[in-house]
Amino acid sequence: MLGRTVTRIESGEEFDLPTFVKWAGGKGQLIAQYARFFPSRVDSYLEPFLGSGAVYFYIRQRFNPRKAILSDINAEIINAFQVVKDSCDELASRLNKLREMNSKEHYYEIRKLDPLTLDRVDRAARLIYLNKTCYNGLYRVNSKGQFNVPFGNYKKPSIFDSKTLRKASLLLKDAELRVMTFEDVLGWAEKDDFVYFDPPYFPLSRTADFTAYNKETFGRNQQEKLARVFGKLDSRGCLVMLSNSDHEFVRNLYKDYRVNTVKARRAINCIGGKRGKINELLITNYVPPREPEINDF
């Protein structure tokens with residue numbers, strides 16, 4: 001099904017992950033590896049870097065937590081999730097109109113619109129349309145916060161699938177969606193809550209840092225601040241997991257915790273030959289129910 005990822009974990013169970021946006025670093029293809037690192041039980045879940053929502057969609061189906069707080073500093077993505085949750089059919093109708101009108105000229109007309117002048121459903125439709133028709137599915141803004149990715153020149157972009165939106169809407173029914181910074185999670189997380197962080201990755205090289213998801217950058221200072229938040233949650237008794245690039249800087253930040261390695265395929269690279277598998281880190285402050293053997297991946 002277009003826009004959906006079906007993942008099978010080690011137990012043989014299959015999970016349909018109805019991700020309706022492309023997202024750099026989206027975790028849909030990594031869930032099968034992540035599955036054994038999650039706690040054995042998740043009663044309350046918080047995710048401060050929501051992105052495509054793949055991890056949440058998995059957590060909801062596998063653990064059905066009584067509470068889920070999903071947040072991001074990106075107001076556009078949170079609005080899109082809220083609209084999928086509350087107004088799925090109306091969103092599909094407006095996306096269908098955008099799909100019928102799709103062209104390079106139309107793309108740039110939609111891109112130049114100020115999302116704050118639109119109603120919430122058109123605002124969500126704009127984000128999803130641009131995300132599915134822009135170059136490589138990037139989400140990037142300039143210093144003024146304006147989306148600036150060029151047209152993708154796809155012959156038949158999928159844009160959306162009604163069944164995917166409905167499945168996502170159903171899974172979001174009991175979730176709370178908030179626009180907030182990752183530090184704000186400290187105001188909501190309690191003992192035994194499971195918190196998953198998927199921040200913008202620390203670049204492996206100077207040329208690797210090529211996207212900006214908001215007008216603010218996420219550099220060393222932000223990574224260090226995130227590590228301090230991780231530590232505060234740990235001391236509070238929360239179960240915390242964080243993904244990031246396999247870089248010495250990141251390893252040093254979390255040297256007091258369990259630093260695991262998974263294999264990820266590069267999703268965005270202008271050189272096709274460099275889209276192979278690389279190591280990524282998965283850091284936890286708890287012992288996974290069954291730790292993977294070194295040769296599992």
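Positions are given from 1, in the same order as the sequence printed here.
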Answer with yes or no whether the hydrophobic clustering places [X] together with [Y]; edges join I, L, V, M, F, W, Y residues whose side-chain heavy atoms lie under 4.5 Å apart.
X: Phe249; Y: Ile283; value: yes
X: Leu138; Y: Tyr108; value: yes
X: Leu170; Y: Leu177; value: no
X: Tyr139; Y: Tyr135; value: yes
X: Met101; Y: Ile128; value: no

Is there a donor-acceptor pair closer than 3.5 Å between any side-chain N or O of [X] and the backbone N or O of [Y]?
X: Ser245; Y: Pro203; result: no
X: Gln61; Y: Asp16; result: yes
X: Asn102; Y: Pro157; result: no
X: Lys27; Y: Gly25; result: yes
X: Asn79; Y: Arg123; result: no
X: Arg66; Y: Ser44; result: no
X: Arg251; Y: Asp246; result: no
X: Asn244; Y: Tyr201; result: no

How long is the straight-line distance from [atom2] of [Y] back to [atom1] of [X], given to the nearest 0.5 Å?
X: Gln33; Y: Thr261; atom1: CD; atom2: OG1; answer: 10.5 Å
X: Thr284; Y: Leu281; atom1: OG1; atom2: CG; answer: 11.5 Å
X: Leu253; Y: Leu226; atom1: CG; atom2: CG; answer: 8.5 Å
X: Phe230; Y: Ser235; atom1: CZ; atom2: OG; answer: 11.0 Å
X: Arg126; Y: Arg111; atom1: CZ; atom2: CZ; answer: 9.0 Å
X: Phe202; Y: His247; atom1: CZ; atom2: NE2; answer: 5.0 Å

Do [X] and [Y] come within less than 4.5 Å of each other through their side chains, counting heavy atoms only?
X: Asp72; Y: Phe81; answer: no
X: Met241; Y: Tyr34; answer: yes
X: Phe38; Y: Ile59; answer: yes
X: Arg60; Y: Pro65; answer: yes
X: Arg236; Y: Glu190; answer: no
X: Val240; Y: Leu242; answer: no
X: Cys134; Y: Tyr107; answer: yes
X: Glu90; Y: Val121; answer: yes

* Centroid-to-centroid, Tyr129 to His106, below 6.0 Å? -> yes
* **Output field: ring centroids Tyr196/Tyr45 closer than 6.0 Å** => no
* Asked: Under 3.5 Å, is there a donor-acceptor pair between the Ser243 and Asp198 side chains?
  -> yes
* Using distance alone, with no hydrogens and no angle criterion, decide if Asn153 and Lys104 have a side-chain donor and acceptor under 3.5 Å apart. => no
* To do: Determine, step by step, whether Gln146 and Asp114 satisfy the side-chain hydrogen bond (donor to acceptor under 3.5 Å, both in side chains) criterion, reporting the C-alpha distance in whole Å, the side-chain angles of both residues, the deciding distance to 0.1 Å, and the verdict.
  => CA-CA 8 Å; Gln146 300 167 330; Asp114 180 353; over 6 Å; no
Restricting to non-hydrogen atoms, name the atom on [X] and the atom on [Y] that form the minimum distance, rounded to 0.1 Å.
X: Ala54; Y: Ile31; result: O-CD1, 4.3 Å
X: Leu95; Y: Ala125; result: CD2-O, 3.5 Å
X: Arg120; Y: Val83; result: O-CG2, 3.4 Å
X: Pro39; Y: Pro289; result: C-CG, 3.9 Å
X: Trp23; Y: Ile77; result: CZ3-CD1, 3.9 Å
X: Glu76; Y: Pro115; result: OE1-CB, 3.5 Å

* **Worked verdict on Arg258 versus Asn285 for side-chain hydrogen bond (donor to acceptor under 3.5 Å, both in side chains)** => CA-CA 6 Å; Arg258 308 185 76 84; Asn285 72 330; over 6 Å; no
* Cation over ring, Arg41 on Phe63, under 6.0 Å and within 45°? -> no
* Tell me whether the guanidinium CZ or amine NZ of Lys22 lies under 6.0 angstrom from the six-membered ring centre of Tyr154 and within 45° of its axis. => yes
* Partners passing side chain to side chain contact (heavy atoms under 4.5 Å, CB included) against Arg99 (at least two apart in sequence or in another chain) -> Asn96, Ile159, Phe160
* To do: With salt bridge (charged side-chain N to carboxylate O under 4.0 Å, His left out) as the test, would you mind laying out the steps for Arg94 and Asp119 before giving the verdict?
  => CA-CA 12 Å; Arg94 299 194 196 184; Asp119 69 43; 2.8 Å; yes
* **Derivation and outcome, side chain to side chain contact (heavy atoms under 4.5 Å, CB included), residues Phe147 and Leu127** => CA-CA 9 Å; Phe147 187 77; Leu127 172 72; 5.9 Å; no
* What class does the angle between the rings of Tyr257 and Tyr254 fall in, given that below 30° is parallel, 30 to 60° is tilted and above 60° is perpendicular? -> tilted
* Asked: Parallel, tilted or perpendicular: which describes the rings of Phe194 and Tyr286, with under 30° parallel and over 60° perpendicular?
  -> perpendicular
* To do: Using the side chain to side chain contact (heavy atoms under 4.5 Å, CB included) rule, take Leu130 and Ile110 through it: C-alpha gap first, then chi angles, then the decisive distance, then the call.
  => CA-CA 8 Å; Leu130 293 177; Ile110 297 299; 4.1 Å; yes
* Asked: For the salt bridge (charged side-chain N to carboxylate O under 4.0 Å, His left out) test, which of Asp174, Asp192, Asp43, Asp193 pairs with Lys67?
  -> Asp193
* Please walk me through it: do Arg220 and Glu224 pass salt bridge (charged side-chain N to carboxylate O under 4.0 Å, His left out)? -> CA-CA 6 Å; Arg220 282 179 176 264; Glu224 291 168 349; 5.4 Å; no
Would you give me the side-chain donor-acceptor pairs under 3.5 Å for residues 178-186, sequence neighbours excluded?
| from | atom 1 | to | atom 2 | distance (Å) |
| --- | --- | --- | --- | --- |
| Arg178 | NE | Glu176 | OE2 | 2.6 |
| Arg178 | NH2 | Glu176 | OE2 | 2.8 |
| Thr181 | OG1 | Glu183 | OE1 | 3.0 |
| Thr181 | OG1 | Asp184 | OD2 | 3.2 |
| Glu183 | OE2 | Lys225 | NZ | 3.4 |
| Asp184 | OD2 | Thr181 | N | 3.1 |

* Asked: For atom CD of Glu14, is the number of surrounding heavy atoms from other residues, nucleotides or ligands below 6.0 Å larger than 12?
  -> yes
